[in-house]
2 protein chains.
Amino acid sequence: MSCEVSLPEAKKVAIFGGTHGNEMSGVTLVNLWLKNRAEIRRSGVEVQPFITNPRAVEKCTRYIDIDLNRAFTPENLSKREAEDHPYEIKRALEINRIFGPKGSSDAYDVIFDLHNTTSNMGCTLILESSQDHLNLQMVHYIKQAVAPMTCSVLVNEHPFLQYSTSRSVAKHPIGLEVGPQPQGVLRSNIFQSMRLILRHALDFIELFNGGMEFPPCTVDVYQVTERVDYPRDTNGNITAMVHPNLQDCDWEPLNPGDPMFLTFDGRTVEYKGGNTVYPTFINEAAYYEKQQAFVITKRGTLIARQIKVSKM
Amino acid sequence: MSCEVSLPEAKKVAIFGGTHGNEMSGVTLVNLWLKNRAEIRRSGVEVQPFITNPRAVEKCTRYIDIDLNRAFTPENLSKREAEDHPYEIKRALEINRIFGPKGSSDAYDVIFDLHNTTSNMGCTLILESSQDHLNLQMVHYIKQAVAPMTCSVLVNEHPFLQYSTSRSVAKHPIGLEVGPQPQGVLRSNIFQSMRLILRHALDFIELFNGGMEFPPCTVDVYQVTERVDYPRDTNGNITAMVHPNLQDCDWEPLNPGDPMFLTFDGRTVEYKGGNTVYPTFINEAAYYEKQQAFVITKRGTLIARQIKVSKM
Ligand SMILES: [Zn+2]
Ligand SMILES: [Zn+2]
């Protein structure tokens with residue numbers, strides 16, 4: 001049995017910005033690239049920059065009616081295009097028509113979806129499958145290319161915590177989340193990190209399409225296991241903040257007994273879990289409305305099989 | 001000639017939160033105090049916590065129709081209360097009726113207006129007059145009380161850069177701006193700094209009303225002199241970011257020739273002014289729409305005269 005995987009060329013690639021309209025690095029990069037594609041041009045690939053939620057971008061808000069990055073459910077995508085849907089459902093149908101259909105052979109090969117977070121996560125690549133060997137090889141390539149800068153890999157294939165992202169219409173969806181950056185703000189360091197990662201990602205695709213073989217490797221990842229909400233009173237009002245010892249400590253170990261929240265009356269709430277975990281998306285602005293103070297992950301190592309392009 | 005100023009008691013004090021609905025420290029503190037006033041109770045003072053823009057707070061957005069903190073103009077405040085005004089104008093009329101009328105003897109004595117910024121400004125007290133000896137003595141008291149923590153004082157009485165704040169309905173308006181904190185996020189360190197300053201401010205008022213004399217003193221301040229916009233192309237689109245050397249350097253000297261912006265194509269734009277200045281509100285999220293990358297200030301020292309209460 002050969003462990004090498006032959007995969008078709010990644011000919012159709014899209015870069016999404018503005019899936020959340022107030023996440024300025026992706027919005028700014030995609031708008032730059034729409035004006036001048038020189039930087040994202042690679043031989044043998046069609047690279048399409050695209051603003052996914054233009055109305056939200058114009059208002060500099062996360063979304064107009066509903067969160068676009070949760071809207072690509074089978075139920076929504078089976079709706080007929082009509083006037084009376086919420087704006088983001090109409091937009092999801094359009095995006096699915098242009099870049100999908102999701103799950104079909106016509107779908108785009110790779111979609112990079114550019115996000116910012118208010119959390120201190122640094123650069124994070126987000127995968128939706130631990131079995132996607134093209135994406136695993138790509139994140140391995142990127143991690144090596146940007147070293148000594150760190151680029152974490154978050155895998156969200158949790159049975160009910162996974163959500164239906166904009167990028168999920170592609171065969172190989174990949175999210176890029178860079179922070180900390182406040183909503184509505186463009187910070188040069190965050191902008192430059194995102195730009196650098198995208199360049200390396202496109203280089204990888206060009207090399208892969210050109211016939212380079214990528215030997216088997218391992219990728220250290222964080223896997224989503226749980227969401228943690230803020231402490232609340234009986235009316236549902238938040239009664240505590242992320243504890244100063246946890247704030248900005250994304251990806252650092254949280255041990256049983258470690259401080260997790262600080263209540264408004266000064267009491268510390270400790271982590272009661274059974275073993276060490278790795279929190280991330282700590283105190284993300286957009287997740288207050290999702291009743292989420294942070295996400296808990298566990299560490300793991302994934303195996304990427306050797307890949308090479310199968311020219312037909 | 002005596003240099004002592006006799007001032008009436010500060011009997012009516014308000015604490016405004018939510019003048020901008022996504023600045024979470026003030027919103028959270030005022031909501032806490034509305035439920036339990038023990039912490040803000042002082043003898044001989046009526047202290048009124050108040051959410052100024054409840055609809056913006058509910059939507060976790062800066063404002064609904066227009067910026068409430070620019071709405072207290074003579075023109076707006078002379079309008080008749082009517083249904084067809086923008087929401088914040090209606091609200092300004094209401095606030096002026098409850099806490100003003102602005103400029104009248106019936107107006108509240110002191111209004112603290114609680115704000116957050118995405119800029120790295122630390123704790124900043126904002127004054128609207130360099131002649132307000134009660135406020136100058138108060139900020140002097142607060143600065144000493146919180147030392148070694150720093151509390152900067154920003155004076156905005158610039159002839160056309162001053163704006164018509166919510167707190168301006170009071171006889172002694174005082175803004176408190178604490179950052180860095182992203183919009184929609186509550187950080188424990190920022191929350192606790194704001195809470196501490198408010199406690200000392202109320203202590204000061206209690207001491208003053210109780211007859212304590214405050215000897216003459218000086219207060220080091222930063223005075224607003226100029227606004228600086230982002231570089232833009234001929235279509236008005238932003239073409240550069242705050243330079244990494246300037247980002248997060250609020251209150252630090254900016255010298256002629258220092259880097260100010262970094263264009264998207266990698267060029268540095270230098271500060272061309274004639275002398276050293278002190279930038280603040282650097283890369284504040286809410287000021288993109290106001291065409292403002294940062295505010296330039298100059299350093300100065302104000303003299304606060306001796307004050308004591310005049311009991312009638
Ligand atoms: Zn996002
Ligand atoms: Zn504000």
Side-chain angles (χ1 to χ4, degrees), chain A residues 22 24-25 27-29 31-33 35-36 38-39 58-62 116-120 179-192 195 230 233 235 237-248 259 261-266 268 282-289 293, chain B residues 22 24-25 27-29 31-33 35-36 38-39 58-62 116-120 179-192 195 230 233 235 237-248 259 261-266 268 282-289 293:
Chain A
N22 53 12
M24 300 310 292
S25 307
V27 170
T28 306
L29 279 171
N31 277 329
L32 279 179
W33 291 332
K35 276 185 221 151
N36 182 353
E39 184 178 356
E58 199 189 348
K59 291 189 67 177
C60 197
T61 185
R62 185 172 173 89
N116 292 119
T117 173
T118 64
S119 305
N120 188 27
Q181 181 171 270
Q183 297 175 343
V185 166
L186 185 68
R187 288 180 64 99
S188 56
N189 58 334
I190 302 294
F191 177 86
Q192 285 171 325
R195 191 173 194 168
Y230 294 93
D233 64 19
N235 298 319
N237 296 314
I238 287 175
T239 57
M241 307 166 279
V242 169
H243 194 280
N245 291 20
L246 179 59
Q247 177 71 49
D248 302 328
F261 296 107
L262 181 63
T263 67
F264 297 139
D265 49 12
T268 293
I282 297 169
N283 208 358
E284 157 59 41
Y287 290 171
Y288 279 79
E289 67 173 27
Chain B
N22 53 12
M24 300 310 291
S25 307
V27 170
T28 306
L29 279 170
N31 277 329
L32 278 179
W33 292 332
K35 278 186 218 147
N36 182 353
E39 185 178 356
E58 199 188 346
K59 291 189 67 176
C60 196
T61 185
R62 185 173 173 89
N116 293 119
T117 173
T118 64
S119 305
N120 187 27
Q181 181 172 270
Q183 297 175 343
V185 166
L186 185 66
R187 288 180 65 99
S188 56
N189 58 333
I190 303 293
F191 177 86
Q192 285 171 324
R195 192 174 194 167
Y230 294 92
D233 64 18
N235 298 318
N237 297 312
I238 287 175
T239 57
M241 308 167 279
V242 169
H243 194 280
N245 291 21
L246 179 59
Q247 178 70 49
D248 302 327
F261 296 106
L262 182 63
T263 68
F264 297 139
D265 50 12
T268 293
I282 297 170
N283 208 356
E284 157 59 40
Y287 290 171
Y288 280 78
E289 67 173 27

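Just so it is clear: chains get the letters A, B, ... in the order the sequence lines come, proteins before strands, and each one is counted from 1. Just so it is clear, the structure is predicted and the values come from calculations on it, not from any experiment.
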Asks: Most heavy-atom pairs under 4.5 angstrom with chain A, which of B:Y287, B:F191, B:F264?
Replies: B:F264
Asks: Using modelled atom types only, decide if a donor and an acceptor are shared between the side chain of B:Y288 and the backbone of A:L186 within a distance under 3.5 Å.
Replies: yes
Asks: Working to the nearest 0.5 Å, report the span between CD of B:Q183 and SG of A:C60.
Replies: 8.0 Å
Asks: To the nearest 0.5 Å, tell me how far B:N283 CG sits from A:Q181 CD.
Replies: 8.0 Å
Asks: Once side-chain contact (heavy atoms from CB on, under 4.5 Å) is applied, do any residues pair with B:D248, and if so which ones, sequence neighbours excluded?
Replies: A:R187, B:N120
Asks: Drop me the distance from A:N31's CG to B:N237's CG, to the nearest 0.5 angstrom.
Replies: 8.0 Å
Asks: Kindly compute the distance separating CG (B:L32) from CG (A:D265), expressed to the nearest 0.5 Å.
Replies: 9.0 Å
Asks: List for me each residue that meets salt bridge (charged side-chain N to carboxylate O under 4.0 Å, His left out) alongside A:R195, sequence neighbours excluded, and say none if there are none.
Replies: A:E39
Asks: Taking all non-hydrogen atoms of both residues into account, name the closest pair between B:D233 and A:K35 and its distance.
Replies: OD2-NZ, 4.1 Å
Asks: Given a strict heavy-atom distance threshold of 4.5 Å, which part of B:T61 is in contact with chain A: side chain, backbone, both, or neither?
Replies: neither
Asks: Side-chain contact test, heavy atoms from C-beta onward, threshold under 4.5 Å: evaluate it for A:L262 versus B:Q192 and give yes or no.
Replies: yes
Asks: So with a 6.0 Å cut-off around CD of B:E58, is the heavy-atom count from everything else above 12?
Replies: no
Asks: For A:T28, is it the side chain, the backbone, both or neither that has a heavy atom under 4.5 Å from a heavy atom of chain B?
Replies: side chain
Asks: If you tally heavy-atom pairs under 4.5 Å against chain B, which of A:P244, A:A285, A:S188 wins?
Replies: A:S188
